[in-house]
Amino acid sequence: MSTSEPSASSNFARDLVAADRAAGKHGGRVVTRFPPEPNGYLHIGHAKAIVLNFGIANETSGGMCHLRFDDTNPTTEDPEYVQAIQEDVRWLGFDWHDKVLYASDYFEQLYAFAIVLIKKDKAYVDSLTADQIREHRGTLTEPGRDSPYRTRSADENVNLFARMRAGEFSDGAHVLRAKIDMGSPNINLRDPILYRIRHATHYRTGTAWCIYPSYDFAHPLSDAIEGVTHSLCTLEFEDHRPLYDWVVAEADTAHRPQQIEFARLNLTSTVMSKRKLLELVDKKLVDGWDDPRLPTLKGLRRRGVTPEAIRAFCEHIGVAKRDAIVEMPLLEHFIREDLNKRSPRVMAVLRPLKVVLDNYPEDVVEELDAVNNPEDVSAGTRKVPFSRTLYIEQDDFREDPPKQFYRLAPGREVRLRYGYIIKCVSATKDPQTGTVTELHCTYDPETKSGSAQEQRKVKATIHWVSASHAAIAAIRLYHPLLLTDQAKLPVEQDWTRSLNPQSLELLTGCLVEPSLRSAAPGSRFQFERQGYFCVDSDSSPEALVFNRTVSLKDAWAKVEKAHQAFQR
RNA sequence: UGGGGGAUCGUCUAGCGGUAGGACGCCGGCCUUUGGAGCCGGCUACCUAGGUUCGAUUCCUAGUCCCCCAGCCA
């Protein structure tokens, strides 16, 4: 990777880990883990956790970060996601050094730990129904009540739990619960469920088990089994920490991991919850998990965003405990910053307007020298064909130019990038609609780029393509997925009503310079004066498709907006 | 109204008793064969009220506001 990464910024979690290490806690070892449940695709919120966990491990000598699948719920998980998650973590640029681990690999050990708890009278089999358990749990302000089964003997519990495992009971008939305190003000401590019966096929263990450990039991013990020192998770688990500590203490594990919580990432104008993402995909409101409008890693990748940009963004936003909503323009900034340095420049006309150079010979084609990347001289130059009939951007011509509009207008001059200065002589209009269909211009032969003779300056330089040489392409422009911030989404009414109906804008008949004909899917370019684009996976040499990753900053758009605001 | 957390520029974040800094954004300017990039300058913040202290964003007290928790999800 040539892109320089910002040095890891200080944050409370890093400081905590560093302090523990300095104090010799855990023998100075640092082991973290990224523990997704394989029930969906990773998004940029996960990237924050990945960058944090792998980052802390990587910057510590001898540090290690495990990739662990928290696959304790057979009804929601699928190997498809295991595969996809590994791809995404690898794509982001992280390496788990063979430590792909699965909570399901610990089922036998976890069962043994459960027996330990039962024998210590710290867990019991409850035979209440789910509804009854809920009733007994109390409320936020009222304490819960003990289950009548809470006093079963250890022997009876061991026996019952073994029979649960053996498959003697149907789903929901019994659960294993921790015996803590039904009167605790912390609801998580009111005898939380440790195991439930699920006669379901697990994608890895098949039908070997019909009882499955809950998160609250499996997670702390998995961390302990793996020797995880610092278990970083999001804020909503803060009040599970006493339970986390209780479980490892009562199970008397050799190693005691420490849970640290941080705020999850929120971004404006998009959705990040698994539920909402799934809804968009299921209802076909987007084009699958890799729809470029989605904040999924697959979506961002297809859109043309680089892993370096995502990493830089994640480092920059920091890690703290306060709830925050990061503005999308910040992400866009890091995408532009990265792409600016690495993207070859090309010319592409999104909304073509025909231009005929009346004084340019009909049978001549010049090969003009174009710079591939002004940010990187080693990227070299290429030839771009120039001829009498060209296309320019519709936006680059105004019949009646407003103030501060420097581009083409009747009688005005602009430079054609890498070519000549041209002057607009006349505009042909459709007699029906009045729209401009064609421009007639003259070129000034003395002003060819690179020729030192003519140093005449014009206010604007515009991009263009040669009509007979250009390749036709379809271009997809992406706009915000949501018209409102996710934090402000209506809770009760259908949130999908806040979706932007224009989030995808499809342009066809776009004209791109001929060098793009052979562009491979995934390759990225800057379309000069427009933005960063990448070749979509749907693209082929016969039918080119580009996705706009992000637009360039547009100073004129601001000026124009200010004009409009002034006029109102 | 129980418990757990959190409040610093519009946004994200730093600060660990001693001039409130950075980034995005926004506004000017320079530069420019991308109205891009780059460069220069400017903008705006310590939730409130008390207290401790020579000195408080930081420590203490009391409020206020925001977030999370009542799945046999994670």
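Chain letters run A, B, ... following the sequence lines, proteins first and then strands; every chain starts at 1. In what follows, every heavy atom counts, from backbone to side chain, and hydrogens, waters and symmetry copies are set aside.
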Using a 4.0 Å heavy-atom cut-off across all strands, classify A:L331 as base, sugar-phosphate, or nothing. nothing

Could you tell me whether A:R417 sits above the aromatic face of A:W464, with NZ or CZ closer than 6.0 angstrom to the six-membered ring centre and within 45 degrees of the axis? no

Assess the pair A:Y443 and A:Y420: is the distance between their ring centroids shorter than 6.0 Å? yes

Looking at every strand, decide which applies to A:I317 at a 4.0 Å heavy-atom threshold: base, sugar-phosphate, or nothing. sugar-phosphate

Look at the side chain of A:Q526 against the base of B:U34 and say whether a donor-acceptor pair falls under 3.5 Å; ignore hydrogens and angles. yes

Side-chain donor or acceptor of A:T461 under 3.5 Å from a matching atom on the base of B:U34? no

Pick one for B:G4: is it syn, with its angle within 90° of 0, or anti? anti

Verify salt bridge (Lys or Arg N to Asp or Glu O under 4.0 Å) between A:R163 and A:E168, making sure each step is shown before the conclusion. CA-CA 6 Å; A:R163 291 172 62 198; A:E168 289 188 29; 2.6 Å; yes

Is there a side-chain contact between A:Y111 and A:I211 in this structure, where contact means two heavy atoms from C-beta onward sitting under 4.5 Å apart? yes

Hey, does the side chain of A:R137 come within less than 4.0 Å of B:C72's phosphate (OP1/OP2), counting only N and O? yes

For A:F237, which contact category applies under a 4.0 Å heavy-atom criterion: base, sugar-phosphate, or nothing? base

May I ask you to say what A:I462 touches in the nucleic acid, namely base, sugar-phosphate or nothing, with a heavy-atom cut-off under 4.0 Å? nothing

Assign A:Y212 to base, sugar-phosphate, or nothing according to its heavy-atom contacts below 4.0 angstrom with the strands shown. nothing

With a 3.5 Å cut-off and no angle check, do the side chains of A:S184 and A:N186 form a donor-acceptor pair? no

Which one of A:Q259, A:R68, A:H66 satisfies the side-chain hydrogen bond (donor to acceptor under 3.5 Å, both in side chains) criterion with A:D223? A:R68

Tell me whether the side-chain N/O atoms of A:K558 come closer than 4.0 Å to OP1 or OP2 in B:C26. yes

Quick one: label A:T234 by what it contacts on the DNA or RNA (base, sugar-phosphate, nothing), any heavy atom closer than 4.0 Å. nothing

For a ring pair (Phe, Tyr, Trp, His ring centres under 6.0 Å) check, start with the C-alpha distance between A:Y81 and A:Y41, then their side-chain angles and the critical distance, and finish with the verdict. CA-CA 6 Å; A:Y81 299 120; A:Y41 285 83; 5.4 Å; yes

Determine the contact category for A:T72: base if any of its heavy atoms lies under 4.0 Å from a base atom, sugar-phosphate if only primed atoms, P, OP1 or OP2 are that close, otherwise nothing. sugar-phosphate

Using atom C1' in both nucleotides, what's the gap between B:U19 and B:A14 to the nearest angstrom? 16 Å

Distance test, side-chain N/O of A:K553 to OP1/OP2 of B:A37, below 4.0 Å: yes

Need one value for A:S184: base, sugar-phosphate or nothing, where a base atom within 4.0 Å counts as base even if backbone is also close, heavy atoms only. nothing

What distance, rounded to whole Å, do you find between the two C1' atoms, one in B:C54 and one in B:G21? 25 Å

Base, sugar-phosphate or nothing for A:H463? Non-hydrogen atoms, less than 4.0 Å. nothing

Check whether any side-chain N or O of A:K457 sits under 4.0 Å from OP1 or OP2 of B:U33, and answer yes or no. yes

A:Y406 or A:E77: which one's nearest nucleotide on RNA chain B is closer to the 5' end? A:Y406

The side chain of A:E236 lies closest to which of these nucleotides: B:U13, B:C68, B:G5? B:C68

Which is true for A:A130 with a 4.0 Å heavy-atom rule: it touches a base, it touches only sugar-phosphate, or it touches nothing? base

Roughly how far apart, to the nearest Å, are B:G4 and B:C59 at atom C1'? 23 Å

Among the nucleotides B:C24, B:U13, B:U33, which one has an atom lying closest to any side-chain atom of A:L330? B:C24

Give me the atom names and distance for the closest heavy-atom approach of A:Y532 to A:L552. CE1-CD1, 3.4 Å

For nucleotides 1-4 of chain B, give me every protein contact, N/O to N/O, under 3.5 Å, one pair per line with atom names.
| from | atom 1 | to | atom 2 | distance (Å) |
| --- | --- | --- | --- | --- |
| B:G2 | N9 | A:L140 | O | 3.2 |
| B:G2 | N3 | A:L140 | O | 3.0 |
| B:G3 | N2 | A:D239 | OD2 | 2.8 |

Paired stretches of RNA chain B - 3 or more consecutive Watson-Crick or G-U pairs, each distance under 3.5 Å: B:2-7 with B:64-69, B:10-13 with B:21-24, B:25-30 with B:38-43, B:47-51 with B:59-63

Could you work out the separation of B:C30 and B:G36 based on their P atoms and round it to a whole Å? 13 Å

From the set B:A23, B:A74, B:U33, return the single nucleotide nearest to any side-chain atom of A:H333. B:A23

Remember a base hit wins even if backbone is also touched, and classify A:F262 as base, sugar-phosphate or nothing at under 4.0 Å, heavy atoms. nothing

In whole Å, what separates the P atom of B:G42 from that of B:A23? 12 Å

Between B:U8 and B:U44, how far is it from one C1' atom to the other, in whole Å? 12 Å

I'd like to know if A:R336 reaches the base of B:G36 with its side chain, counting only an N/O donor and acceptor under 3.5 Å. no

May I ask you to verify whether the side chain of A:Q530 and the base of B:G36 hold a donor-acceptor pair under 3.5 Å? no

When the distance from CG of A:D396 to P of B:U34 is rounded to whole Å, what number comes out? 13 Å

Does A:H219 have its ring centroid less than 6.0 Å away from the ring centroid of A:Y215? yes

Among B:G71, B:G25, B:G36, the nucleotide that comes nearest once only the side chain of A:P374 is considered: B:G36

Tell me: CG of A:D376 to C1' of B:A37, nearest whole Å? 13 Å

Same-atom distance (P) from B:U64 to B:U1, integer angstrom: 8 Å

Can you find a side-chain donor-acceptor pair between A:D216 and A:H240 that sits under 3.5 Å? yes

Using a heavy-atom cut-off of under 4.0 Å over every strand shown, decide if A:P143 touches base, sugar-phosphate, or nothing. nothing

Report yes or no: do A:Q258 and A:Y244 form a side-chain donor-acceptor pair below 3.5 Å? no

Rounding to an integer number of Å, can you tell me how far A:R33 CZ sits from B:A74 P? 15 Å

Aromatic ring proximity, centroids under 6.0 angstrom, A:F405 and A:W556: yes

In whole angstroms, the gap separating C1' of B:G25 from CE of A:M328 amounts to 15 Å

Rounded to whole Å, CD1 of A:I260 lies from P of B:G6 at a distance of 14 Å

Side-chain contact, heavy-atom cut-off 4.5 Å: A:E375 with A:N340? yes

Just to be sure I understand the rule, does A:E375 reach a base, reach only the sugar-phosphate, or reach nothing, if contact means heavy atoms closer than 4.0 Å? base

With the side chain defined as heavy atoms from C-beta on, A:N73 is closest, among B:U34, B:A74, B:G5, to B:A74

Could you check whether A:E332 gets within reach of a base, just the sugar-phosphate, or nothing at all, counting any heavy atom under 4.0 Å? nothing

Tell me whether the guanidinium CZ or amine NZ of A:R204 lies under 6.0 angstrom from the six-membered ring centre of A:Y102 and within 45° of its axis. yes

Could you measure between the two C1' atoms, the one in B:C31 and the one in B:C39, and give it in whole Å? 8 Å

Is it the case that the base of B:U34 and the side chain of A:R529 share a donor-acceptor contact (distance under 3.5 Å, atom types as modelled)? no

Residue A:W556, side-chain atoms from C-beta onward, closest of B:U13, B:G35, B:C69: B:G35

